[in-house]
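Heads up, the thing below is written out as structure tokens.
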Amino acid sequence: MSDQIIEMLDVNKWFDDFQVLKNINLKVSQKQKIVVCGPSGSGKSTLIRCINRLEEHQKGKIIVDGIELSENTKNIEKIRAEVGMVFQQFNLFPHLSILDNCTLAPIWVKKTPKTQAEEMAIKQLEKVQISDQAKKFPGQLSGGQQQRAAIARALCMQPKIMLFDEPTSALDPEMIKEVLDAMVNLAKGGMTMIVVTHEMGFAKEVADEVIFMDEGMIVEKAETKEFFANPKSDRTKLFLSQIL
Amino acid sequence: MIKKLNFLGMPTRDKLNLFVSVGTLLFVLGIIDVILNSFFEMNITSFLPRWINYFTPLVFSFVGLHYIRIEFSGIRILDRLNKNINLNWFNAILTSLIIFVLIKNIPPLLNWLFFDADFIGTSKEECSREGACWIFVNVWFKRLIYGLYPNSEIWRINLSFLMLIGLVISAFFVTPKIKKYIIIFLLFIFPFIAMNLISGGNFGLEWVETPAWGGLSLTFIISIFALLFCFPVGMFLALGRRSSAPIVRYSSIGFIEFWRGVPLITVLFMASVMMPMFLPDGVYMDKLVRVIIAITLFEAAYMAEVIRGGLQALPRGQYDAGKSLGMGYWRMHLLVILPQALKLVIPGVANTFLALVKDTPLILVVGLLELVGMIDMAKTNPEWLGFATEGYVFAGVVFWIICYSMSRYSQYLERKYKTDR
């Protein structure tokens, strides 16, 4: 397929002696939505952090949008500007207002004029329905609002790919829905997404493919319906029986 | 013991008036006893044995406070008093002791400072009264402020500092855009103008050598330059110490640990005696410049560790977020990391700045005389022997005013930049 946007070939990664990723092979084509699930410590966060090189892999190849990830800092920054990321802990910049959070990177990294960046920010904040909070600081917002602001901040860079690292795990149950709604809307808009999550409802609704990871390996990778209807490996069955 | 005190019964609300009046009476009696003892050489309890009457004021006020200590008396002032300074017997003793110490010491201090002091005059002989001789400070005032700077040229120092104060004050009242220009001007252009004005040597200004500079103005000159430089240097050192490049990291660590490990006095000696030997022939560096460099590097090492503390306090997620938005090392640090880290370390930075200002008198050892140095010189002047106390009190007050204003300013900054909680 020519429209492959992420390609991971035989990726291996160690933290000291401990191998976190073992021979990961993964291909993601444009507009594809992939949900990664698995028990904690299985390496799923590390996997997506490798895609924008927040973690370095030691063996194998990762190619994002035609650029191979290597020591070359220029390339890394280029890729990071194209890959948006949303974190479990939101990681908004507490010293800046929500609007400034959203315009900071476009202005300083992409050199967008300020007025244009602000228009863009308001548009993205409207999409996640918190444009009325634009002047507030992150500390004044609820968890759900903060996470939606974080999604808007990532979208302001107009990324080609969005990575979500357990975006709802740090939220109160009441707020999970508003964040998932924002993500569903984003998915319907045709964004390429890789989502690490335990929200199986979201996976069923949105994902094209589900990946199950355990002990640093991809244990199972299947189309969503297939994955839930008849999982192949015993490990996956066990996991699903516990989580559903 | 306390039970025996209750010959009137336990202090209760029922007999509120009785207890409050008896208690107040005893407490006041204790205070009167102290006042009579210390200022009128009278002792109303002299009929008691000496070892007892020494403690009578304390006993009076202790018993008095015990009677006043009525819970939920319904009188708001009394309740607050009891809660704050009369909670239990230990508290009552501490309260009484502190009040006695203040009564005994404050009036003599005020007498020495003001009421018995001489202010106006021109010579030592006019200091006839018992208190402080402020004539000493008065006569030497010009020297204490300007050092040995020629009298006819003093306007140059005044003009520089007036410009500085004017610019700083005006920066508070203009729009942010103009404020930015004023700050750039203050940081990068004004120091050269002021230095040129004070040292002279061109534009028809008489050349004044740095050994003639001195007094409070020198304190300010050294402090301001050292503050200006030590902050950025400290910041780079802090970043360097956390760098992933081994050369940068180890040289930063080496630099910081070296400067933190040597006493400032030796650094100043080195700067004034040894450094000229290392300079190439024909290169001359003024002693004042060398001293400013030495103090800057010394304090920068401390500053670096303070700032590093702030960097370490930030969660890793902030770095992740910065990186994931495509920011490089410098953009991430300037836009995301440092603004937050520096906000966290305002108290520590203020601390280092205060220490720096108070370290400046040490330049005395290399023959530069700022405020304290000038006082040292004045007090050894044969005509003015014996006024060291007045001089040092004056210096203490001046330094306290400088440092306290800096401390208040840092608190203002903390409040101003408090956006999260």
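Each chain gets a letter, A, B and so on, in the order its sequence line appears, and its residues count up from 1.
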[X], part contacting chain B, at a heavy-atom distance under 4.5 Å:
X      : answer
A:F87  : side chain
A:R53  : neither
A:Q89  : neither
A:V109 : both
A:L92  : backbone

Looking at [X], I'd like to know if its [atom1] atom is crowded, meaning that more than 12 non-hydrogen atoms belonging to other residues, nucleotides or ligands lie closer than 6.0 Å.
X      : atom1 : result
B:Y181 : OH    : no
B:F173 : CZ    : no
A:K74  : NZ    : no
A:E174 : CD    : no
B:L187 : CG    : yes
A:K110 : NZ    : yes
B:R80  : CZ    : no
B:F225 : CZ    : yes

Of all the heavy-atom pairs spanning [X] and [Y], show the shortest one and how long it is.
X      : Y      : value
A:R153 : B:A321 : NH2-CB, 3.5 Å
B:R316 : A:R49  : NH2-NH2, 3.3 Å
B:S324 : A:N52  : CB-ND2, 3.7 Å

Can you tell me if A:N91 uses its side chain to pair, donor with acceptor, with the backbone of B:G317 under 3.5 Å? yes
Is the backbone of B:L335 close enough, under 3.5 Å, to the side chain of A:H95 for a donor and an acceptor to pair up by distance? yes
Out of A:L96, A:L104, A:N101, which one pairs with B:V336 under the side-chain contact (heavy atoms from CB on, under 4.5 Å) rule? A:L104
Distance from [X] atom [atom1] to [Y] atom [atom2], nearest 0.5 Å?
X      : Y      : atom1 : atom2 : value
A:E77  : B:M327 : CD    : CE    : 10.5 Å
B:Q340 : A:F93  : CD    : CZ    : 8.0 Å
B:D320 : A:M85  : CG    : CE    : 7.0 Å

